[in-house]
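Nothing here was measured: the structure is a model prediction, and the numbers come from that model.
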Amino acid sequence: MLQVTDIRENKDKYVKALAKRGIDANSVLDEVLKVDEARRSAQGQLDEVLAKSNSYSKEIGKLFKSGEVQKANELKEETTQLKESSKQLNEQMLAEAEKLQQLLYTLPNIPNDLVPAGTDEDDNEEIFSEGEVPKLMEGALPHWELAKKYDLIDFELGVKVTGAGFPVYKGKGARLQRALITYFLDKNTSAGYTEYQVPLLVNEASGLGTGQLPDKEGQMYHVGVDDLYLIPTSEVPVTNMFRGNLLNHADLPITCTGYTPCFRREAGSYGAHVRGLNRLHQFDKVELVRIEHPDKSYEALDGMVEHVKDILRELKLPYRILRLCGGDLGFTAALTYDFEVFSTAQDRWLEISSVSNFETFQANRLKLRFKDTDGKNKLAHTLNGSALALPRVLAGILENYQTEEGIKIPEVLVPYCGFDIIN
RNA sequence: GGAGAAAUGGCAGAGUGGUCGAAUGCGGCAGUCUUGAAAACUGUUGAGGGUCACACCUCCGGGGGUUCGAAUCCCUCUUUCUCCGCCA
């Protein structure tokens, strides 16, 4: 959520920045400022009335104590009018505050200066690529065929048990999956991230905190009886552990990693491009979350990018890094780098990590602050990134590492798997 | 799931209708003393809004109510603890 206090002073900055997302925010921001003004004015009047009424109450207390009952009762009469107007002003103030909140909820984060202008994924900027695309043998197969051939993943079984998009991993497929999770967590913890295991169901307040609610309700599975949401990413429970916190500047940065399954309804996406592991309702992901001092957050973002690069280098997968353009940037992000692995047999790029700086956008909703060296309380910056999302990494490995003899296991994973080839 | 008790500042813990934003202790910070440190002593020490700065307003688990006035009384929700039942 954007900060009204800042919009008040730098409206033009917001108009300009949001234009990069293709949003003409001028009139909305004017409305924001109008409602904010109305809210503050009601607040001011309310404060005045309350101050008067408080002082009357004190006076009445004193009068009763000194036995001047008559006078006290007279004063009481006077407060009834105050009470009435304070009630009205309070309602007015709350109504304006609610209106303001709703308006702010509709506005996405403002993009960083580095974000290129653009309307969709075609305008994303490739900033880096690395790794060799292997020359596959004649008759190379896409991963869903490979999964079938080597009995690694059973999609039909998942359909039977649950529905489409809920694959069953089996035998060496399951083992490879587990190996990847452990390997990722090891990489992350040795880079200094603290490992967490967090709840897979979250309450409404958490969904609001990280920005999944109220806008993207349809993306999450909702458990109606208990009013809980299945997490679409561990970013939600991990970041929300710090909701409402007032940290000390010395506590920063806070760095977390966690493995969780992720659940996404993905309503409306069907067809060939979601085949196999390309898009699922349930998938595994190892996530990184950082809470940073505002002065350090972009340095930290670069550090996360380097960290993910390091993992992909070790896995020896061909990948590229995109800087998302304004039109493709997520609602809550100020700057995002997407990592894509080249899926050889499908001849397409698959997103396997997304690393973002949210600046204060989430922190403002989360009320996640820290006491800076100057003694002032400030909103922290939050960042997160996948390291990594499992299914597409698995798809990339299966497709890129297929040979006549079978699927080779990347060297770095062999100790985790206990085998070096699937055949 | 049943019965009971509780929720107060960083922590512990007073406070049952008015002078309580809240005693006291610990912790934190500053100072005195000391070559330095410890101890001791003195002072200071919650958050948010608002203001140039004051004033002023709000917050004692969340929400609602009674009252001129609520940490204190009532309703409700949540959480924690104790006992019983069930259970990976």
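Across all strands shown, the partner of B/U80 is B/A5, judged by Watson-Crick or G-U wobble contacts whose two distances both fall under 3.5 Å.
Computed from coordinates, the A/N73 CG to B/G69 P distance equals 14 Å when rounded to whole Å.
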Going 5' to 3' along nucleotides 15-20 of chain B, which nucleotides have protein heavy atoms under 4.0 Å from the base (write B), which only from the sugar-phosphate (write S), and which from neither (write -)?
---BB-
Please write out the pairs of protein N or O atoms and N or O atoms of nucleotides 57-60 of chain B separated by less than 3.5 Å, giving the distance to one decimal.
unit_1 : atom_1 : unit_2 : atom_2 : d
B/C57  : OP1    : A/N54  : ND2    : 3.0
B/C57  : O2'    : A/D47  : OD1    : 2.8
B/U58  : OP2    : A/N54  : ND2    : 3.4

N/O contacts under 3.5 Å, protein versus nucleotides 75-79 of chain B?
none

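Taking atom P on both nucleotides, B/C60 is separated from B/A70 by 11 Å, rounded to a whole Å.
For A/D302, the side-chain contact (heavy atoms from CB on, under 4.5 Å) criterion is met by no residue, not counting sequence neighbours. By the side-chain contact (heavy atoms from CB on, under 4.5 Å) test, A/A38 pairs with A/E96, sequence neighbours left out. Residues passing the ring pair (Phe, Tyr, Trp, His ring centres under 6.0 Å) test with A/F370 are A/H293, sequence neighbours excluded. Taking A/R178 as the reference, nothing meets the salt bridge (charged side-chain N to carboxylate O under 4.0 Å, His left out) condition, with sequence neighbours excluded. Remark: A/K408 engages no residue in a salt bridge (charged side-chain N to carboxylate O under 4.0 Å, His left out) (not counting sequence neighbours). Here A/D420 pairs with A/V414 under the side-chain contact (heavy atoms from CB on, under 4.5 Å) rule; sequence neighbours left out. Under the salt bridge (charged side-chain N to carboxylate O under 4.0 Å, His left out) criterion, A/D328 pairs with no residue at all, not counting sequence neighbours.
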Expected list for residues 249-258 of chain A: side-chain donor-acceptor pairs under 3.5 angstrom, two or more places apart:
unit_1 : atom_1 : unit_2 : atom_2 : d
A/D251 : OD2    : A/N248 : N      : 2.9
A/T255 : OG1    : A/G192 : O      : 3.2
A/T257 : OG1    : A/N188 : ND2    : 3.0
A/T257 : OG1    : A/E287 : O      : 2.9

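The list of salt bridge (Lys or Arg N to Asp or Glu O under 4.0 Å) pairs with a residue in residues 144-167 of chain A, not counting sequence neighbours, reads A/D151-A/K170.
The nearest heavy atom of RNA chain B to A/K83 and to A/R40 marks one nucleotide each, and the one closer to the 5' end goes with A/R40.
Between A/D36 and A/R40, at least one side-chain nitrogen of the basic residue sits less than 4.0 Å from a carboxylate oxygen of the acidic one, meeting the salt-bridge criterion.
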